[in-house]
Amino acid sequence: MRRKLVVANWKMHGSIAQNQQLFDAFKQKLAPIDNVDFAVCVPYPYLFQAQVVLSGTNIAWGAQNVGKYPVGAYTGEVAASMLKDFDATYVILGHSERSTAYCESGENIAAKFVTAKNAGLTPVLCVGETLQEREAGMEQQVVAEQLDALLLSQGGAVFEHAVVSYEPIWAIGTGLSATPDQAQAMHEFIRARIAGYDADAANSLRILYGGSVNPVNASQLLVMQDIDGGLIGRCSLDANDFEKICLAAAAVR
Ligand code: PGA
């Protein structure tokens with residue numbers, strides 16, 4: 001059975017003082033939970049703080065983007081090896097807030113994914129459709145294309161020790177989550193698509209759901225067969241809400 005993973009995506013929120021409070025609360029609340037993996041993905045400047053405060057706890061940390069090249073004259077970019085310098089475990093890639101606002105292409109995201117893996121990071125690849133695409137019945141086609149950007153060039157084995165997060169764009173930050181059945185259907189589709197290339201990688205792959213997960217809907221989502229955890233935005237900025245979501249993950253047998 002795949003161990004559940006709950007990842008906090010703090011987006012562009014926080015300050016040293018606010019982070020300290022949240023880290024302290026997370027540490028205290030999550031310490032007793034031993035059957036779920038946890039991570040907090042922070043803005044780059046706070047990686048050192050995460051490393052100092054979370055080392056030795058059951059909470060890993062990571063970033064929300066990475067440069068696609070290993071090193072060089074790329075002003076403003078951050079290399080995967082730099083994330084490793086701060087003992088980061090995870091890096092979120094292809095989040096729709098980046099691909100839409102900063103015009104990231106599938107090719108670019110695939111390059112970042114490979115760079116991150118080569119550096120020993122665990123990429124969390126976000127995929128998902130817009131409302132318009134869902135209403136047109138194109139959601140599977142859209143997500144298939146996003147996965148194919150990697151599968152066609154790298155094969156299925158690239159998903160070994162990686163994480164995929166299904167994030168319907170219409171559900172992110174809107175309060176309107178996908179239903180458990182909608183999410184399960186897409187998670188099953190994602191696993192099957194990858195299994196077409198590498199059955200073992202697909203079987204062990206953790207597929208998270210992200211998009212307005214909250215303490216009320218978490219249990220119903222996390223109990224679904226192919227939902228292996230959550231990528232949590234808004235509710236990861238509130239220690240009590242985040243704890244409830246993590247407890248819901250821990251309660252799934
Ligand atoms: P949300 O964000 O939980 O605020 O909808 C999820 C995400 O963007 O990963």
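Since the structure is predicted, the reported quantities are computational estimates derived from the model, not experimental observations. Heads up: numbering here begins at 1 and tracks the sequence. Order of appearance sets the numbers: ligands from 1, and atoms from 1 within every ligand.
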Legend entry - Y46/F86 aromatic ring centres below 6.0 Å: no
Legend entry - Exceeds 12 heavy-atom contacts within 6.0 angstrom, atom OH of Y74: yes
Inset, instruction - Look at atom 4 (O) of ligand 1 and say which protein heavy atom is nearest, naming residue and atom and giving the distance to 0.1 Å. - result: R234 N, 2.9 Å
Legend entry - For ligand 1, the portion of S236 having any non-hydrogen atom under 4.0 Å away: neither
Legend entry - CD (E107) with more than 12 external heavy atoms under 6.0 Å: no
Inset, instruction - Among all protein heavy atoms, pick out the one at the shortest distance from atom 6 (C) of ligand 1; state its residue, atom name and that distance to 0.1 Å. - result: G233 N, 3.6 Å
Inset, instruction - Please state which part of N9 comes within less than 4.0 Å of ligand 1, counting heavy atoms only: side chain, backbone, both or neither. - result: side chain
Legend entry - Options G173, G210, G175, ranked by nearest heavy atom to atom 5 (O) of ligand 1, top entry: G173
Legend entry - Enclosure of Q20 CD (heavy-atom neighbours >12, cutoff 6.0 Å): yes
Legend entry - atom 2 (O) of ligand 1 - nearest protein heavy atom and its distance: K11 NZ, 3.1 Å
Legend entry - Expected output: side-chain Y44 to main-chain N65 donor-acceptor under 3.5 Å: yes
Legend entry - Proximity winner for atom 1 (P) of ligand 1, if only heavy atoms of S96, S212, G230, A171 are counted: S212
